[in-house]
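In this text the structure is predicted, and so the values were computed from the model without any measurement. Index from 1, following the sequence.
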Amino acid sequence: MKKILVTGGAGYIGSNTAHLLVRRGFDVMVVDDLSRGHAHNVAGIPFRRLNLSESGALADVLAREKADAVIHFAAYIAVGESTQNPELYFSNNVGGTISLLAAMAQAKVKRLVFSSTAAVYGMPKIVPIPEESPFAPVNPYGETKVMIETMLGWLDQYSGLRSIALRYFNACGSDPESDLGEEHDPETHLIPLLLKAIVTGNPITLFGDDYDTPDGTCIRDYIHVMDLAAAHVLAVENLLAGGASDAFNVGTGTGHSVLQVVRAVEEVTGNKVPYTIGPRRPGDPPSLVANSEKLKRTLGWKPKFPDLTDIVKTAWQFEQKRSATS
Ligand code: UDP
């Protein structure tokens, strides 16, 4: 049985992936410092509370567990926060990854799946965005992921580290079979905020309706967290089978405007979303939609939740459970 170390496995995408790996027959160990993740997300999975800066301790875990590969989620993800405190993002995301890479080198673990982001493309010229689009991040968060992907290229060439970077579009939804869902604090993402606006009656601010898009609001590619998790399983299987280093977009290939998401939430919940239109959020590109053909072609990935309404239904199930218990 192959052993996978999952960093950041107590977070939203990490925990969904860790549980899916277990269901697919992998031996899984999670490390997470719980600065942003939740211990309840790793119930039933071997877990060690550790910050990535503890390189020696990480190397010990990797060696003792005889890890065959690492899936690396542990990172901060809020674009706004990264502009207010770039030092934190460079230190936690880039510094933490350098420390992990040193630990992997020490423990001779040569396979890595890395959480990257559509934010590496900045304001892309071609949409749907192919992987060949140039790196052009417009915020420190995106830059941290570019720096790490760049390092991984060099380590492929000179250290024999084989890695797959998965560039996520807008992760959302929850696993209908589990209690894992989106629980960021503070929450900044559109779908959970729309659902909270319905639950609380407090209006959400939509960031701008004067973009050059059909209804004036920004277009994004909303991808169900289980489809994202499945991409990680395919990526790690590919590396373990001797696959080469690569990078893939993970999105559905279909864009939805903010107002279309509002309508989907209204349809699913049967309630009107209270909202106001505010100014644009700095650094928001008008349209980010994935070209995911390479992932489909190369790894045989196929989204199970291509439909936005189905995605919102799973997010709504989770929000209802969560608001009933909190
Ligand atoms: N958005 C919004 N109001 C909010 C949060 C998000 O209008 O309170 C918009 C945001 O401007 C973007 C889309 O919803 O166009 C998705 O934003 P989110 O923060 O969920 O993800 P991002 O695209 O930044 O990764």
Next item on the list: First locate atom CG of D175, then atom CG of N16, and finally report the distance between them rounded to the nearest 0.5 Å.
Entry: 6.0 Å

Item checked: Carboxylate-amine/guanidinium contact K294 D246, below 4.0 Å -> yes

Check: Going from CG on L62 to OG on S55, what distance comes out if it is rounded to the nearest 0.5 angstrom?
Finding: 9.0 Å

Next item on the list: Give the intermediate values and the outcome of salt bridge (charged side-chain N to carboxylate O under 4.0 Å, His left out) for residues D68 and R111.
Entry: CA-CA 7 Å; D68 296 291; R111 305 281 182 271; over 6 Å; no

Notebook entry, point to check: Between N139 and T83, is a side-chain hydrogen bond (donor to acceptor under 3.5 Å, both in side chains) present by the stated rule, with each step listed?
Noted result: CA-CA 6 Å; N139 51 60; T83 62; over 6 Å; no

Item checked: Intermediate values then yes/no, side-chain contact (heavy atoms from CB on, under 4.5 Å), L21 and H232 -> CA-CA 9 Å; L21 285 165; H232 290 80; over 6 Å; no

Check: With a distance cut-off below 6.0 Å to the six-membered ring centre and an angular limit of 45° from the axis, does R167 pair with F248 as a cation-pi contact?
Finding: no

Next item on the list: Quick one: do T17 and V6 satisfy side-chain contact (heavy atoms from CB on, under 4.5 Å)? Show the steps, please.
Entry: CA-CA 9 Å; T17 303; V6 179; 5.7 Å; no

Next item on the list: Please confirm whether the backbone N or O of G11 pairs with a side-chain atom of S15, one donor and one acceptor, at under 3.5 Å?
Entry: yes

Note to self: Pairing donors with acceptors under 3.5 angstrom, does anything connect the side chains of D215 and S257?
What the structure shows: yes

Checklist line | Greater than 12 external heavy atoms within 6.0 Å of D212's CG | finding: no

Next item on the list: Can you tell me which residue pairs pass the salt bridge (charged side-chain N to carboxylate O under 4.0 Å, His left out) test with a partner in residues 260-269, sequence neighbours excluded?
Entry: R263-E266, E266-K272

Next item on the list: Please determine, by modelled atom types, if T314 and H224 share a side-chain donor-acceptor pair under 3.5 angstrom.
Entry: yes

Next item on the list: Decide yes or no for L190 and V258: does some side-chain heavy atom of the first lie under 4.5 Å from some side-chain heavy atom of the second?
Entry: yes

Notebook entry, point to check: Counting distance only, does the side-chain N/O of E187 pair as donor-acceptor with the main-chain N or O of H189 below 3.5 Å?
Noted result: yes

Next item on the list: Measure the OG-CD distance between S245 and Q157 for me, rounded to the nearest 0.5 Å.
Entry: 10.5 Å

Notebook entry, point to check: P286 versus M123: any side-chain heavy-atom pair under 4.5 Å?
Noted result: yes

Checklist line | Test: R162 and D156 ion pair at under 4.0 Å | finding: yes

Notebook entry, point to check: Checking side chain to side chain contact (heavy atoms under 4.5 Å, CB included) against L195, which of T200, V265, N271, I204 comes through?
Noted result: V265

Notebook entry, point to check: Is T252 reaching over with its side chain to a backbone N or O of T254, donor-acceptor style, under 3.5 angstrom?
Noted result: yes

Margin query: With clusters defined by side-chain heavy atoms of hydrophobic residues (ILVMFWY) lying less than 4.5 Å apart, directly or transitively, does M147 cluster with L52?
Written below: yes

Next item on the list: Rounded to the nearest 0.5 Å, what's the gap from CG on L308 to CG on D221? Could you check?
Entry: 10.0 Å

Margin query: Does any part of the side chain of F305, heavy atoms only, come nearer than 4.5 Å to the side chain of V225, both counted from C-beta?
Written below: no

Checklist line | Heavy-atom side-chain proximity of R48 to V30 below 4.5 angstrom | finding: no

Note to self: Determine whether a donor-acceptor pair (N or O, by modelled atom type, separation under 3.5 Å) exists between the side chain of D307 and the backbone of D310.
What the structure shows: yes

Check: How many angstroms lie between atom OG of S174 and atom NZ of K321, to the nearest 0.5 angstrom?
Finding: 6.0 Å

Note to self: With heavy-atom distances below 4.5 Å as the criterion, would you say the side chains of P137 and V120 are in contact?
What the structure shows: no

Checklist line | Donor-acceptor pair between E183 and H40 side chains, under 3.5 angstrom | finding: yes

Check: Side chains of L50 and D33: does their closest heavy-atom pair fall under 4.5 Å?
Finding: no

Next item on the list: Would you mind checking if K196 and E319 are paired as a salt bridge, meaning a charged N to carboxylate O distance below 4.0 Å?
Entry: yes

Check: If you take all heavy atoms of I219 and P214, which pair is closest and at what distance?
Finding: CD1-CD, 4.1 Å

Notebook entry, point to check: Does the K145 side chain pair with the main chain of S115, one donor and one acceptor, at a distance under 3.5 Å?
Noted result: yes

Note to self: I'd like to check Y12 versus L180 (side-chain heavy atoms, cut-off strictly below 4.5 Å). Are they in contact?
What the structure shows: no

Checklist line | ILVMFWY cluster, V79 and Y211 together (side-chain gap under 4.5 Å) | finding: no

Check: Is a side-chain donor-acceptor pair under 3.5 Å present for D209 with T217?
Finding: no

Check: Would you call K66-D27 a salt bridge at under 4.0 Å N-O?
Finding: no

Checklist line | Cluster link I311 to L20, ILVMFWY, side chain under 4.5 Å | finding: yes

Checklist line | V70 and M104: CA distance, side-chain angles, deciding distance, side-chain contact (heavy atoms from CB on, under 4.5 Å) verdict | finding: CA-CA 8 Å; V70 173; M104 288 176 67; 3.8 Å; yes

Check: Any luck finding a side-chain donor-acceptor pair between E143 and Y89 under 3.5 Å?
Finding: no

Margin query: Under a 3.5 Å distance rule, please check whether Q106 uses its side chain to pair with a backbone N or O of G56 as donor and acceptor.
Written below: no

Checklist line | R297 side, atom CZ; S292 side, atom OG - distance, nearest 0.5 Å | finding: 11.0 Å

Item checked: T97: which of T7, L112, I148 passes side chain to side chain contact (heavy atoms under 4.5 Å, CB included) -> I148

Checklist line | Pair Y76, N85: side-chain N/O donor-acceptor within cut-off below 3.5 Å | finding: no

Notebook entry, point to check: If two hydrophobic side chains count as joined below 4.5 Å and joins carry through other members, does Y141 share a cluster with V138?
Noted result: no

Notebook entry, point to check: Can you tell me if E54 uses its side chain to pair, donor with acceptor, with the backbone of N51 under 3.5 Å?
Noted result: yes

Notebook entry, point to check: Taking the side chain as C-beta and beyond, is there a heavy-atom pair between F114 and E149 under 4.5 Å?
Noted result: yes

Notebook entry, point to check: Hey, quick one: are V127 and Y121 part of the same hydrophobic cluster, counting side-chain heavy atoms closer than 4.5 Å, chains of contacts allowed?
Noted result: yes

Next item on the list: Take the angle between the ring planes of F73 and Y168 and call it parallel below 30°, perpendicular above 60°, tilted in between.
Entry: tilted

